[in-house]
Amino acid sequence: MAKVKIKSTVAEQKKLAEGIYSMWLQAEEIAVQAKPGQFISVYSNDKSRVLPRPISICEIDREQGKLRIVYRVVGKGTEEFSKASSGDTFEILGPLGNGFPLEEAKGKRVLMVGGGIGVPPMLQTAKEAEAEAVIVSGYRNNDLFLKEELENAGSLYIATEDGSVGTKGNVLDAIRENGIQADVMFACGPTPMLRALKQYAEEKNMPCWISMEEKMACGIGACLACVCQSKNVDAHSHVHNKRICKDGPVFLSTEVEL
């Protein structure tokens, strides 16, 4: 799989919730290769912001050569992206990282857990998995972005921090409250959530793959700005770490320390 850097045109953008935006990008060369769980790096048009912003792929339309990203505005770069409209262009690099191992899900009952901005990559993962998808999504409140799309992709359970919808609490609370059972788990979200899910999967003797959210710099594994602790020695750095952008962002949970 060859990553490419292209000038991509915005096909559509809309606001989904407070601070959450959905953008479709025309990106034929990347869409044809992309897999669920991978990400792209989006470059600012302001040359004073040198580093790109890594954003996970939410949906892939290979027929029309488009990618969908759903992102949260957290700084000047993503604020710039949120102001774009159809016809605007951005340089993007991708597809980057690895994806979820769909072959491990085939024919099984798969628990797909997303928390916050870790929710979007679960949509394409659920759509492509030849499996029974049980999706658990965690939100802060009743701004349930992607709810309808996720409901169409699998059985959806919701947790909200304020208790406004579904289970009051976190995704693990929702899993326990609803007595959800599965053969395999895929998860994406903040580190505390992944740490809890890793422990839960070990208790249940369930294989678990986690996609780690991390601030990145180069996005291609050269700068070592996004390393995590690992069981094995990394061939590049010769220490016990892995580069999230290059070796991940998806890891078997038992391979990494959280």
Side-chain angles (χ1 to χ4, degrees), residues 1-13 21-45 51-71 77-78 81 84 86 88-106 110 112 114 117-131 133 146 149-150 153-154 184 186-188 209-214 216-223 226 235-236 242-252 255:
M1 184 181 296
K3 56 183 175 289
V4 293
K5 189 175 184 180
I6 62 171
K7 179 170 278 190
S8 178
T9 301
V10 177
E12 177 191 337
Q13 169 144 265
Y21 289 82
S22 166
M23 180 189 291
W24 279 99
L25 291 161
Q26 203 66 44
E28 289 86 352
E29 301 97 319
I30 298 176
V32 72
Q33 304 182 68
K35 297 178 180 179
Q38 290 188 301
F39 67 98
I40 60 173
S41 282
V42 185
Y43 290 80
S44 169
N45 289 322
L51 297 176
R53 272 58 180 174
I55 303 177
S56 60
I57 296 170
C58 174
E59 284 191 272
I60 306 165
D61 185 338
R62 297 183 182 89
E63 287 188 7
Q64 296 191 40
K66 294 193 293 187
L67 296 173
R68 185 187 189 188
I69 55 175
V70 172
Y71 61 95
T78 45
F81 303 157
S86 299
D88 289 343
T89 60
F90 292 100
E91 277 197 324
I92 64 174
L93 176 69
L96 297 173
N98 59 0
F100 285 104
L102 298 185
E103 67 280 1
E104 299 290 343
K106 190 171 183 179
V110 185
M112 302 184 182
I117 211 63
V119 170
M122 290 301 149
L123 179 53
Q124 189 68 27
T125 304
K127 287 171 65 176
E128 288 200 32
E130 297 177 41
L146 299 176
E149 293 98 319
L150 290 167
V184 178
F186 294 160
C188 182
W209 280 265
I210 57 175
S211 179
M212 300 180 69
E213 293 182 349
E214 188 67 41
M216 300 177 188
C218 72
I220 57 173
C223 71
C226 64
H236 180 71
K242 285 187 181 290
R243 295 158 288 165
I244 292 173
C245 67
K246 179 79 172 179
D247 303 314
V250 178
F251 297 97
L252 185 61
E255 291 179 347

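Because the structure is a prediction, the values reported are computed rather than measured.
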Angle class for the Y71/Y21 ring planes (parallel below 30°, perpendicular above 60°, tilted otherwise)? parallel
Can E59 and K127 be counted as an ion pair, charged N to O under 4.0 angstrom?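 The answer is yes: the pair qualifies as a salt bridge.
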Taking NZ, NE, NH1 and NH2 as the nitrogens, is one of them in E149 or R68 under 4.0 Å from a carboxylate oxygen of the other? yes
Rounded to the nearest 0.5 Å, what separates atom [atom1] in [X] from atom [atom2] in [Y]?
{"X": "W24", "Y": "Q64", "atom1": "CH2", "atom2": "CD", "value": "8.0 Å"}
{"X": "L102", "Y": "T125", "atom1": "CG", "atom2": "OG1", "value": "6.5 Å"}
{"X": "M23", "Y": "F90", "atom1": "CE", "atom2": "CZ", "value": "5.0 Å"}

Given side chain to side chain contact (heavy atoms under 4.5 Å, CB included), test L123 with L150 step by step and report yes or no. CA-CA 6 Å; L123 179 53; L150 290 167; 4.2 Å; yes
Shortest non-hydrogen contact from [X] toward [Y]:
{"X": "I40", "Y": "V42", "result": "CD1-CG2, 3.9 Å"}
{"X": "C58", "Y": "L146", "result": "SG-CD1, 3.9 Å"}
{"X": "A34", "Y": "I57", "result": "CB-CD1, 3.9 Å"}
{"X": "G37", "Y": "F100", "result": "CA-CD1, 3.8 Å"}
{"X": "L96", "Y": "Q38", "result": "O-CB, 3.4 Å"}
{"X": "A31", "Y": "R62", "result": "O-CG, 3.4 Å"}

Under 3.5 Å: donor-acceptor pair, side chain of [X], backbone of [Y]:
{"X": "N98", "Y": "V250", "result": "yes"}
{"X": "S8", "Y": "L25", "result": "no"}
{"X": "Q13", "Y": "F81", "result": "yes"}

Side chain to side chain contact (heavy atoms under 4.5 Å, CB included) between T89 and V10: does it pass, once the steps are laid out? CA-CA 6 Å; T89 60; V10 177; over 6 Å; no
For a 4.5 angstrom cut-off between non-hydrogen side-chain atoms, does [X] reach [Y]?
{"X": "I210", "Y": "F186", "answer": "no"}
{"X": "K106", "Y": "E104", "answer": "no"}
{"X": "I60", "Y": "E128", "answer": "yes"}
{"X": "C188", "Y": "M122", "answer": "yes"}
{"X": "I6", "Y": "E91", "answer": "no"}
{"X": "I69", "Y": "L67", "answer": "no"}

Of S211, P36, S56, the one forming a side-chain contact (heavy atoms from CB on, under 4.5 Å) with P121 is S56
Cation-aromatic face contact K7/Y43, 6.0 Å, 45 degrees: no
Could you walk me through whether V70 and V119 pass side chain to side chain contact (heavy atoms under 4.5 Å, CB included), step by step? CA-CA 9 Å; V70 172; V119 170; over 6 Å; no
Check whether more than 12 heavy atoms from other residues, nucleotides or ligands sit under 6.0 Å from atom CD of E12, and answer yes or no.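 More than 12 heavy atoms, drawn from other residues, nucleotides or ligands, come within 6.0 Å of this atom.
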Tell me whether E63 at atom CD has more than 12 heavy atoms from other residues, nucleotides or ligands lying less than 6.0 Å away.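 It does not: E63 CD has 12 such atoms or fewer within range.
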